[in-house]
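This is a predicted model, so every value here is computed, not measured.
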Amino acid sequence: LPINIESFRTEATRILKTVEAECGWMYETLHSDGTKGRINFVAWSDVFLCPYCSKEIVFWNAAVDPESGKVDEIFKCQFCGSTLSKRQMDHAIDEIFDNALNKSIQKYKQIPVLINYSVRRKNYEKKPDERDLQIIQKIMKSQIPYWFPIDRMPDGDEARRNDIAGITHIHHFYTERTLWILASIFNHIQNDDIMDIR
């Protein structure tokens with residue numbers, strides 16, 4: 001559609017700044033010197049169960065070399081020392097309350113294992129600390145104050161192949177943090193004139 005590009009840029013920037021003021025705290029982490037950093041991304045790891053001792057194994061910790069990024073096909077259980085492969089383990093299951101569906105659901109357990117963040121235009125990486133985990137928990141337990149789609153995935157082998165992992169509805173494809181940001185942006189777009197700028 002024909003629009004005034006400068007007006008569009010001005011309005012879009014205003015909306016993004018509004019969302020930043022509201023949600024920026026979700027992307028803050030502390031550097032080693034106490035300086036606030038801005039999170040670029042968070043890496044999450046699957047959690048499995050050792051078939052020999054039934055302890056939970058964080059796949060990232062057991063099988064991934066963070067320096068090279070290499071993933072070992074064979075690795076040891078840190079608890080019982082058994083030799084394992086990903087194929088022979090079952091996923092650990094998390095039972096969580098889905099605020100959008102207003103009911104408890106079960107999904108494959110995943111935990112945050114790495115934060116990539118920036119301080120003064122330089123990138124760093126760290127393991128999530130207690131403050132980071134508290135922020136993630138706060139986000140997960142909060143009610144997102146905006147509309148977002150919660151439709152059930154449609155019938156079909158491909159559309160529902162993630163049901164086993166607990167990803168049964170559209171909003172399950174996003175972390176709560178990302179979902180909140182997208183819902184906020186969409187809400188502010190709908191309540192402003194960004195789509196009608198001429």
Closest non-hydrogen atom pair, Ala100 against His171: CB-NE2, 3.8 Å
message: Under 6.0 Å from the ring centre and within 45 degrees of the ring axis: does the NZ or CZ of Lys127 meet both conditions for the six-membered ring of Trp60?
response: no
- prompt: Side chains of Asp98 and His169: donor-acceptor distance under 3.5 Å anywhere?
  reply: no
task: Would you please say whether a donor-acceptor pair under 3.5 Å links the side chains of Thr83 and Lys76?
output: yes
- prompt: Does the salt bridge (Lys or Arg N to Asp or Glu O under 4.0 Å) test come out yes or no for Lys107 and Asp163, once each step is laid out?
  reply: CA-CA 9 Å; Lys107 61 189 302 188; Asp163 277 16; over 6 Å; no
field: Residues in ring-ring contact (aromatic ring centres under 6.0 Å, His included) contact with Phe75, at least two apart in sequence or another chain
entry: Phe59
message: Looking at Thr178 and Tyr174, would you say the former's side chain and the latter's main chain have a donor-acceptor pair under 3.5 Å?
response: no
message: Contact between Val64 and Lys70 at the side-chain level, heavy atoms closer than 4.5 Å - yes or no?
response: no
task: Mind running salt bridge (Lys or Arg N to Asp or Glu O under 4.0 Å) on Arg160 and Asp155 for me, showing each step along the way?
output: CA-CA 7 Å; Arg160 295 202 172 178; Asp155 287 328; 3.3 Å; yes
message: Just to verify, what does Ile115 make a side-chain contact (heavy atoms from CB on, under 4.5 Å) with, not counting sequence neighbours?
response: Thr29, Ile39, Val42, Tyr117, Lys126, Pro128, Asp132
What donor-acceptor contacts under 3.5 angstrom involve side-chain atoms of residues 15-22, with partners at least two apart or in another chain?
residue: Thr18; atom: OG1; partner: Arg14; partner atom: O; Å: 2.9
residue: Glu20; atom: OE1; partner: Arg38; partner atom: NH1; Å: 3.3
residue: Glu20; atom: OE2; partner: Arg38; partner atom: NH1; Å: 3.2
residue: Glu20; atom: OE2; partner: Arg38; partner atom: NH2; Å: 3.2
residue: Glu22; atom: OE1; partner: Tyr146; partner atom: OH; Å: 2.9
residue: Glu22; atom: OE1; partner: Ser184; partner atom: OG; Å: 3.1
residue: Glu22; atom: OE2; partner: Tyr146; partner atom: OH; Å: 3.0
residue: Glu22; atom: OE2; partner: Trp180; partner atom: NE1; Å: 3.4

Working for side chain to side chain contact (heavy atoms under 4.5 Å, CB included), residues Cys80 and Cys50: CA-CA 9 Å; Cys80 68; Cys50 174; 3.8 Å; yes
query: Do other residues, nucleotides or ligands put more than 12 heavy atoms under 6.0 Å from the CD1 atom of Ile96?
result: yes
